[in-house]
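The structure appears below as structure tokens.
As the structure is a prediction and not an experimental result, all values here were calculated from the model.
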Amino acid sequence: MANKIKHKMGTTITEHLLLCEDECPTATGQFTRLLSELIIGAKLISREVNKAGLVDILGLTGDVNVQGEKVRKLDDFADQVFIWRMQRSGLLCALSSEENESVIEVPENLPRGNYIIIFDPLDGSSNIDANVSIGTIFSIHHSLGTSECGSIENFLRRGSEQVAAGYFLYGSSTILVYTAGQGVHGFTLDPSVGEFLLSHPNIQIPPQGKIYSVNESYSLYWNEQTTAAINYFKSDRNHLGKPYTSRYVGSLVADFHRNLLYGGIYMYPADSHDPRLSHGKLRLLCEAAPMAFIAEQGGGAATNGAQRILDIKAKDLHERTPLFIGSRADVEMATAIMQGKNS
Ligand code: AHG
Ligand code: MN
Ligand code: MN
């Protein structure tokens, strides 16, 4: 389906979505409106991110900045912006955020729709003060039904049931990458006109990469199989005949985006030392599953080492998972080594 649509560089996101609606029976006006709402939220966050270093200066007098707004931590701000907009969109019946313990239902006095959304409002937030790229990740499902709306079961779904997923990357420019199951498309915010313009149509991740991304400082706590897999990329026994390049930002969105464009593998394994990380660090529903949907739509793969990420049915809203994601051949090689089928 992705190839049927003629994607013209520079097309605005609205034109692109309308074109998709014409071509794809699954794309609805409701989905277009939902994405438009997310985009407004991201523009507001992008604006705040761009002046992050000024917060302390503007907020010197008792936490209130010169515009009279309360100064808030950026991840709290991002969370509130999305919750506020999403609840008023009329397109959702419930939402879940990394920052909130339970499901948030759309209040009864507000119109409700048939979608649910799970999001990580600010990913990589420890990087904010150093001007390092951060992002927002979202995952959209159809609600199981009207009565299930705010139930936890509505959210404990397989990633393969996602209607759409995407992320905003607040980097040297602000980028939106999304999939609705018709390929992966990237848009760059042109700040002079305030529009997201198509810059990366039909993104395909290179089948095999040259980059491996992992927080190497935890290598002491990896099990033997994980160590063997990562050593493969650092050895000269791989397809390059020399070690892969190591790149690690520490923001999943930024690390994933780079590898999506250049090829490679991102890994966040389980940690046998720290009981809190024995199932990995990344959250299945708001981080791993949406990224896995994008990776697969772009020709890549994503696994927890034993199972395809999109096949895992969540048992908990904030469930964590090990994640190996990126170029298909690299992910398959890492999996084979971890399963003792290759070394
Ligand atoms: P968040 O800021 O949403 O809590 O996510 C941080 C995550 C992810 O973005 C990143 O890849 C990972 O934490 C980095 O963890 P380490 O610092 O342990 O490498
Ligand atoms: Mn995150
Ligand atoms: Mn976060």
Side-chain angles (χ1 to χ4, degrees), residues 96 98 116 118 120 123 137-141 144 152-167 179 181 184 205 207-209 212-215 218 221-233 252-253 255-256 259-260 263-343:
S96 166
E98 184 217 303
I116 59 166
I118 310 166
D120 178 355
D123 174 71
I137 310 172
F138 59 90
S139 160
I140 299 167
H141 286 261
L144 290 173
I152 185 97
E153 284 70 33
N154 212 4
F155 288 81
L156 302 184
R157 310 272 288 272
R158 287 193 173 79
S160 54
E161 295 173 59
Q162 288 172 103
V163 175
Y167 57 81
T179 183
V184 180
I205 185 166
Q208 196 159 26
Y212 82 101
S213 311
V214 67
N215 190 337
Y218 300 135
Y221 307 132
W222 297 334
N223 63 25
E224 238 175 82
Q225 298 91 311
T226 305
T227 306
I230 293 165
N231 280 346
Y232 167 82
F233 297 110
L252 172 65
V253 172
D255 282 308
F256 177 85
N259 292 3
L260 179 68
I265 182 166
Y266 174 94
M267 298 169 277
Y268 207 112
D271 180 332
S272 60
H273 177 83
D274 183 343
R276 289 168 310 164
L277 301 180
S278 60
H279 300 289
K281 178 182 183 187
L282 300 174
R283 292 79 169 183
L284 174 61
L285 290 176
C286 70
E287 294 178 318
M291 291 313 204
F293 190 17
I294 296 166
E296 287 201 6
Q297 280 291 314
T303 166
N304 66 0
Q307 201 180 0
R308 177 182 173 234
I309 292 288
L310 293 182
D311 283 340
I312 305 173
K313 184 168 159 40
K315 293 187 200 67
D316 184 271
L317 209 51
H318 296 282
E319 181 170 331
R320 292 173 192 263
T321 179
L323 179 64
F324 300 82
I325 190 166
S327 294
R328 180 159 289 278
D330 292 332
V331 174
E332 283 173 358
M333 181 56 83
T335 311
I337 297 173
M338 285 188 288
Q339 293 176 354
K341 294 178 191 151
N342 216 316
S343 54

Those residues that, when tested against Y266, pass side-chain hydrogen bond (donor to acceptor under 3.5 Å, both in side chains) (two or more places apart): none
Sequence neighbours left out, cut at 3.5 Å: what donor-acceptor pairs do the side chains of residues 286-295 make with other protein atoms?
{"residue": "E287", "atom": "OE1", "partner": "R283", "partner atom": "N", "Å": "2.8"}
{"residue": "E287", "atom": "OE1", "partner": "R283", "partner atom": "NH1", "Å": "3.3"}
{"residue": "E287", "atom": "OE2", "partner": "R283", "partner atom": "NH1", "Å": "3.4"}

Donor-acceptor pair, side chain of R320 and main chain of K281, under 3.5 angstrom: yes
With sequence neighbours left out, write down each residue that passes side chain to side chain contact (heavy atoms under 4.5 Å, CB included) with T226, or none if nothing qualifies. W222, N223, I230, P269, M338
Holding to side chain to side chain contact (heavy atoms under 4.5 Å, CB included), I want the full list of residues that pass it with A228, two or more places apart in sequence or in another chain. I337
For R157, give me all partners under side chain to side chain contact (heavy atoms under 4.5 Å, CB included), at least two apart in sequence or on another chain. I116, H141, L144, N154, E161
Flag side-chain contact, heavy atom, 4.5 Å: L252 against L282: yes
What pairs of residues pass the side chain to side chain donor-acceptor pair (under 3.5 Å) test when at least one of them lies in residues 296-309, not counting sequence neighbours? E296-R308, R308-D311
Tightest non-hydrogen contact, residues I265 and A334, listed as CD1-CB, 3.9 Å
Sequence neighbours excluded, which residues qualify as ring pair (Phe, Tyr, Trp, His ring centres under 6.0 Å) partners of Y268? none
What are the two closest heavy atoms between D330 and G264, and how far apart are they? OD2-CA, 3.7 Å
For A314, the side chain to side chain contact (heavy atoms under 4.5 Å, CB included) test, sequence neighbours excluded, returns L156, L284, L285, E319
Got a second to check how far S96's OG is from L317's CG, nearest 0.5 Å? 3.5 Å
Between atom CD of Q162 and atom CD1 of I118, what is the distance when rounded to the nearest 0.5 Å? 7.5 Å
Partners meeting salt bridge (Lys or Arg N to Asp or Glu O under 4.0 Å) with D123 (sequence neighbours left out): none
Taking all non-hydrogen atoms of both residues into account, name the closest pair between G209 and S327 and its distance. N-OG, 3.8 Å
Under the side-chain hydrogen bond (donor to acceptor under 3.5 Å, both in side chains) test, which residues partner N231, sequence neighbours left out? none
Inter-residue atom distance F324.CZ - M333.CE, 0.5 Å rounding: 14.5 Å
Set of residues satisfying side-chain hydrogen bond (donor to acceptor under 3.5 Å, both in side chains) with respect to Q339, sequence neighbours excluded: K341
List in chain and number order the residues that pass side-chain hydrogen bond (donor to acceptor under 3.5 Å, both in side chains) with D120, two or more places apart in sequence or in another chain; answer none if no residue qualifies. none
